[in-house]
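This report concerns only the one structure given below.
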Number of protein chains: 2
Amino acid sequence: MSTKLDESRGVAAERVALALQEEILSGNLAPGTRLGEVALAERYDVSRGPVRSALNQLAESGIVSIVPNSGARVRELGRDDARALYEVRAALEAEAARLAAGHADAATGDVLGQLLGQHADEVSAHPQGAYLQGPGDRDFHMVIARMSGNPIILRYLTRELYPQLSLLRVKHRNVTGRGKAALLEHRRIAEAIACGDSEVAALLMRRHIRASWDALEAQLAATPEEQQS
Amino acid sequence: MSTKLDESRGVAAERVALALQEEILSGNLAPGTRLGEVALAERYDVSRGPVRSALNQLAESGIVSIVPNSGARVRELGRDDARALYEVRAALEAEAARLAAGHADAATGDVLGQLLGQHADEVSAHPQGAYLQGPGDRDFHMVIARMSGNPIILRYLTRELYPQLSLLRVKHRNVTGRGKAALLEHRRIAEAIACGDSEVAALLMRRHIRASWDALEAQLAATPEEQQS
DNA sequence: TCATCCAATTTTGTTGACAATATACTGCCC
DNA sequence: GGGCAGTATATTGTCAACAAAATTGGATGA
């Protein structure tokens, strides 16, 4: 009951790409899995043309890796990839917060406050904070990205960074979200944005992402990646 | 005599994409030009398959725009696109400078100093400063992006932002570069990076990009875009 | 027993033809 | 004369077959 309105509609390539991404990010297709074109073609009941297009699309978004003349596999993200990802995320989301604060109007504070209210309810419902870094958390960052008014930032985040972050979470299950702490940080960020304080908003957002990375890195350090060449 | 080593080598799609990008960014194919698949196919003596792949690739990098079931055209960048571009560029390049300063070693100062020396020669050779924002300027930013150690930032800059910036310059010919001023700013940025001063490096780089945008915007304001719906 | 070479098979890259959709044109009606 | 419907054309989306490359397996030799 989410985006189920599309089914066998529109362009086949798009349909395959969406379905594949869904299956990859849900953990159904583990990182490293070979993605043969013929297999996918008959799996989605479509020719190899659209499959090729879809694979290229997903390769651009960074969740599959294609080796020319060899094939595509679900991408395996290492620690270095994760770090690079969070560095870029920090830069872009901080910029988004800065811009959002730059053209904040009277309604801005209200919509952010309402959103945070919902999140507060969810956090108190699941006190262990196992959910954050979930859709709720993502909503907040998404809203700010949209409020930035910069379509490129929005595209990078939705089309590349967030999918890759989801892919990261596939490997390292149940990442212990920092529910309460994150919510508190969100509050301060929202406040700065509503006040139109660009510099503080950017600074707090950067710090927020950094904290998220620190938490994740601690877990990554606990489970050293076993990658054979 | 730059990257001429590739000619009819490797994957056809890649070859077409490179050639097309070259022709678009050189101004040979003006923004808005229709890019019919059959025309391109026989132009590059290849089938429509690789052409399709190449067009999708260039659409991802933002220099062609594809409308499903209608076709591809050379993208037309408006003022809003340009602003968004520079905002993202500021965020990413500032982050690159910050990271580069973060892990600067003894050799860093030397390589940057040498690069700046070359640029100084070029500037004094062309005092009107008509060249900067040319390959020389780009080299500096490129080197820093590489020094950041972050492959995602490097990819975004080389694969998307810089091509789009080049596309911008196609429309607005002879953008008056800020040769001397830019070189001075580069010097200070390099110094901060060599010293390992992340915060200052990021700040200066952001300011530098901002100044570049201000200069460009002044020119854009002088020539209002005539765009009919 | 292990390494190396070679052939068989699988898989990707490319091609040309077919189907579906959008665009352009012509004639018609108001 | 202007707007609109219907048709004709051209272009994109998709398909199935062909060619080239890589991977796999086994046989041969040291």
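Reminder, nothing fancy here: chain letters follow the sequence lines and each chain counts from 1.
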(message) In this structure, how many angstroms lie between the C1' atom of D:dC15 and the CD atom of A:E42, rounded?
(response) 15 Å
(message) From C-beta outward on A:E37, which listed nucleotide comes closest to its side chain: C:dT15, C:dG13, D:dT14?
(response) C:dG13
(request) Look at the side-chain N and O atoms of A:S70 and state whether any lies under 4.0 Å from the OP1 or OP2 oxygen of D:dA21. (result) no
(message) Are the side chains of B:W213 and B:E87 in contact, using a 4.5 Å heavy-atom criterion?
(response) no
(message) Assess whether a salt bridge exists between B:R155 and A:E60, defined as any Lys/Arg side-chain N lying under 4.0 Å from an Asp/Glu carboxylate O.
(response) yes
(message) Both A:D45 and B:V38 contact DNA chain D. Which one's nearest nucleotide lies toward the 5' end?
(response) B:V38
(message) Do B:V170 and B:P31 have side chains that approach each other closer than 4.5 Å (heavy atoms only, starting at C-beta)?
(response) yes
(request) Specify whether B:H186 and B:H141 have parallel, tilted or perpendicular ring planes, treating 30° as the upper limit for parallel and 60° as the lower limit for perpendicular. (result) perpendicular
(request) In whole angstrom, give the distance that lies between atom CZ of A:R73 and atom P of C:dT12. (result) 10 Å
(request) Take atom CG of B:N69 and atom C1' of D:dT12, then tell me their distance rounded to the nearest Å. (result) 6 Å
(request) Could you tell me how the ring of B:F140 sits relative to the ring of B:H119: parallel (under 30°), tilted (30 to 60°) or perpendicular (over 60°)? (result) perpendicular
(message) Looking only at the side chain of A:P50 (C-beta and beyond, no hydrogens), which of the listed nucleotides C:dT14, D:dT14, C:dT15 gets closest?
(response) D:dT14
(request) Please state whether the phosphate of D:dT14, meaning OP1 or OP2, lies under 4.0 angstrom from any side-chain nitrogen or oxygen of A:R15. (result) no
(request) With the side chain of B:R34 defined as its heavy atoms from C-beta on, choose the nearest nucleotide among C:dT15, C:dT12, D:dT11. (result) D:dT11
(request) Grab the CD-P distance between A:E14 and D:dG13 for me, whole Å please. (result) 10 Å
(request) Mind checking A:G49 for me? I need base, sugar-phosphate or nothing, with any heavy atom below 4.0 Å counting as a touch. (result) nothing
(request) For B:L35 and D:dT12, give me the distance from atom CG to atom C1', rounded to whole Å. (result) 14 Å
(request) Check whether any side-chain N or O of A:R52 sits under 4.0 Å from OP1 or OP2 of C:dG13, and answer yes or no. (result) yes
(message) Between P on D:dT12 and CG on B:L55, what's the gap in Å once rounded to a whole number?
(response) 9 Å
(request) Quickly work out the A:Y44 OH to D:dC15 P distance and round it to whole Å. (result) 15 Å
(request) Find the distance B:R48:CZ to C:dG13:C1' and express it as a whole number of Å. (result) 16 Å
